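Before any comments, here is the structure.
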Amino acid sequence: MNRLLLGLTLATIVASAAYAAGPDLGAVAQSATNWPAILMFLFFVLLTLGITYRAAKGTKSAADFYAAGGGISAGTNSLAIAGDYMSAASFLGISGLVYTSGFDGLIYSTGFLVGWPIVLFLIAERLRNLGKFTFADVASFRLDQTAIRIISAVGTLVVVAFYLIAQMVGAGKLIQLLFGLPYLYAVIIVGVLMIVYVAFGGMKATTWVQVIKACLLLGGATFMAGAVLYKYGFNPESLFANAVQVHPKGDAIMAPGGLVSNPVEAISLGVGLMFGTAGLPHILMRFFTVSDAQAARKSVFYATGLIGYFYILTFIIGFGGIALLMSDPVYFKLGPAGAFDKLKDMIGGTNMVAVNLANAVGGPYFLGFISAVAFATILAVVAGLTLAGASAISHDLYAQVIARGRTTEKHEVNLSKISAVVIGIVAIYLGYVFENQNVAFMVGLAFAVAASCNFPVLAMSILWRGTTTWGALAGGLVGLLAAVIMVVLSKAVWVTTLGNPAPLFPYDNPALFSMPLAFATIWIVSLVDKSRRAQRERAAFEAQYVRSETGIGAAGAHAH
């Protein structure tokens, strides 16, 4: 059990959305199998493969493959969005932060959650009215197709690449430990499953994988939080009072400001989490799966409620870990005379608070369920990322840039399926190569690139009449390069990963600097662009504005 919990911790660390890099993973030993977890995992896989088979029979066009024919209901899509967004890092990582820092551990969940009003009020409806399959359709609506689709596709593929590496390493180690398989076999299992979901089932299969995972995660977290509150008579005040008594920091766990003390770092972290959400390609693709802009808006509204509810549960689970685990030596590595540090000696580390709490309130079978859900969570995110990457290659780069529209839907979809297979093979290879590397910073880099490249190009092309192709292209490139360079020069990579003595960039979170730089570049370059093409692009804003606000001329759902 101890070795399993340790392995799950390491898997969670590399899949974490925390910006600061964690420790080097090193080698993870194979452990004895957790049969309840394996049976539940197999049930999830068989169920989703059955759904994939049905989805494959109904996937006949590009609209089916990329956007499920636009036929997903707002309620179903909201669950899929939540499933795409609620990661293992959110579940295990945030509850661990609450366990160690109390109230201040919510800084990540707050940053993740408040990004959704930006999506709701600025992006969702306009995206559905202007686009077809990817956010590049929107960004290039009145701008040059070739240049804007290239920068959008590059931004998409960079985000997908860094996200995928972290998820593959984490998922590979999780399966390695659950099954007792060699790491390479574990990574191959994950890669093959994600290829099957995307290449055969497309968006329909991916959607239902995310829906099932969201239901499992919300159900498991609800049961766990309910079990914690039950022990305290459903009185949160009693839970918090007990937590304050047993926590080494005492009353300080109910006050903010302890986790990220540097205000610049805190603001930059918040900016990256908020605006990065509005630039994640696999999230933005979900708005094309519904019938119209109203359904897109409802999807975001409902998803925001589900995600907010989930983060409330992680808060209760974190404090439940403090109250129920800190005084129980069973969950700690004991030193001489049975002594242990409540914050440092938990078996598997503090990222295992939720897993240990599952064992405490529900026994080994509930522990197995939560372990299986942790893997399902990673697999759902990986499937969404793979589909976003395949769409960028086939729809944005090949169909619109290379073939310039002179291709058939069938050929485009076949290329997308081939792209999914290639991305899956590359992900397996990278997951194997990065097995023992510190990759925790990669998800942070993905959010930074999404906030600094994808979001500025998308927002400015929709909202500002003066945006030109040269402005959007220059701003996207500047934001992309600035985010990558700043992360590489930060402590997370320059010191922790590369072994240099001191960072050249003082903050781990670059979004506060790279995102304004991208916006400023778009604005300045667009202002000085006096070309005829720029004049035509400015003149085309009126037609784009009318369509973005009214939906007149927008693509509808495809009947089957």
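Keep in mind it's a predicted model, so treat the numbers as computed, not measured. Positions are given from 1 along the sequence.
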**Study point:** Test log, rule side-chain contact (heavy atoms from CB on, under 4.5 Å), inputs Leu458 and Leu127
**Key:** CA-CA 9 Å; Leu458 180 61; Leu127 202 72; 3.9 Å; yes
Are [X] and [Y] packed together at the side-chain level, in the sense that at least one heavy-atom pair is separated by less than 4.5 angstrom?
X: Val98; Y: Thr314; value: no
X: Tyr197; Y: Ile51; value: no
X: Asp137; Y: Leu130; value: no
X: Leu280; Y: Tyr85; value: yes
X: Ser461; Y: Ile148; value: no
X: Thr52; Y: Thr206; value: no
X: Met86; Y: Thr377; value: no
X: Leu489; Y: Pro503; value: no

Any donor and acceptor pair, going by atom type alone, linking the side chain of [X] with main-chain N or O of [Y] inside 3.5 Å?
X: Arg547; Y: Asn129; result: yes
X: Thr496; Y: Val493; result: no
X: Arg404; Y: Thr146; result: no
X: Thr407; Y: Ala403; result: no
X: Ser109; Y: Leu106; result: yes
X: Ser526; Y: Thr468; result: yes
X: Gln145; Y: Ser140; result: yes
X: Ser101; Y: Asp104; result: no

To the nearest 0.5 Å, how far apart are [atom1] in [X] and [atom2] in [Y]?
X: Ile94; Y: Ile107; atom1: CD1; atom2: CD1; value: 11.0 Å
X: Ile283; Y: Phe135; atom1: CD1; atom2: CZ; value: 13.0 Å
X: Phe541; Y: Ile462; atom1: CZ; atom2: CD1; value: 9.5 Å
X: Ile72; Y: Lys204; atom1: CD1; atom2: NZ; value: 7.5 Å
X: Trp494; Y: Asn500; atom1: CH2; atom2: CG; value: 5.0 Å
X: Phe505; Y: Met486; atom1: CZ; atom2: CE; value: 5.0 Å

Review point. Just one of Asp508, Asn262, Asn509, Leu273 clears the side chain to side chain contact (heavy atoms under 4.5 Å, CB included) bar with Ser268, so which one?
Key: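 With Ser268 as partner, Asp508, Asn262, Asn509, Leu273 yield a single side chain to side chain contact (heavy atoms under 4.5 Å, CB included), made by Asn509.
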Review point. With the threshold set at 4.0 Å, does a side-chain nitrogen-carboxylate oxygen contact exist between Arg533 and Asp144?
Key: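 The answer is yes: the pair qualifies as a salt bridge.
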Practice item. For the residue pair Tyr311 and Phe112, categorise the inter-ring angle as parallel (less than 30°), tilted (30 to 60°) or perpendicular (more than 60°). Key: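 Geometry flag for Phe112 against Tyr311: parallel rings.
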Check your understanding: Where does the angle between the aromatic ring planes of Tyr66 and Phe133 fall among parallel (under 30°), tilted (30 to 60°) and perpendicular (over 60°)?
Key ->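 Answer is tilted, since the angle falls between 30° and 60°.
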[X] atom [atom1], over 12 foreign heavy atoms within 6.0 Å:
X: Trp464; atom1: CH2; result: yes
X: Trp208; atom1: CH2; result: no
X: Phe200; atom1: CZ; result: no

Which donor-acceptor pairs under 3.5 Å do the side chains of residues 510-520 make with protein atoms, sequence neighbours left out?
residue	atom	partner	partner atom	Å
Ser514	OG	Ser452	OG	2.6
Ser514	OG	Pro510	O	3.1

Going by atom types alone, do [X] and [Y] pair a side-chain donor with an acceptor below 3.5 Å?
X: Tyr398; Y: His411; value: yes
X: Glu537; Y: Thr467; value: no
X: Ser416; Y: Ser419; value: no

Check your understanding: How about Phe310 and Phe315: are their ring centres within less than 6.0 Å of each other?
Key ->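 That pair fails the under 6.0 Å test.
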Check your understanding: Can you check whether Phe455 and Phe275 have ring centres sitting under 6.0 Å from each other?
Key ->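 They qualify: ring centres under 6.0 Å apart.
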Exercise for review: Determine, step by step, whether Lys417 and Phe65 satisfy the side-chain contact (heavy atoms from CB on, under 4.5 Å) criterion, reporting the C-alpha distance in whole Å, the side-chain angles of both residues, the deciding distance to 0.1 Å, and the verdict.
Suggested key: CA-CA 9 Å; Lys417 292 179 178 181; Phe65 186 84; 3.8 Å; yes
Review point. Where do Ser61 and Asp64 land on the side chain to side chain donor-acceptor pair (under 3.5 Å) test, with the steps shown first?
Key: CA-CA 5 Å; Ser61 66; Asp64 292 330; 3.2 Å; yes
Tell me which donor-acceptor pairs under 3.5 Å the side chains of residues 296-307 have, and how far apart each pair is, sequence neighbours excluded?
residue	atom	partner	partner atom	Å
Arg297	NH1	Glu125	OE1	2.5
Arg297	NH1	Glu125	OE2	3.3
Ser299	OG	Asn77	ND2	3.2
Ser299	OG	Ala295	O	2.8
Thr304	OG1	Val300	O	2.7

Point to revise | Pair listing, salt bridge (Lys or Arg N to Asp or Glu O under 4.0 Å) test, anchored in residues 381-396, at least two apart | key: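 Matches after skipping sequence neighbours: Arg149-Asp396.
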Point to revise | Member of Lys213, Arg286, Gln210 meeting the side chain to side chain donor-acceptor pair (under 3.5 Å) criterion with Asp84 | key: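 In the set Lys213, Arg286, Gln210, the residue that makes a side chain to side chain donor-acceptor pair (under 3.5 Å) with Asp84 is Gln210.
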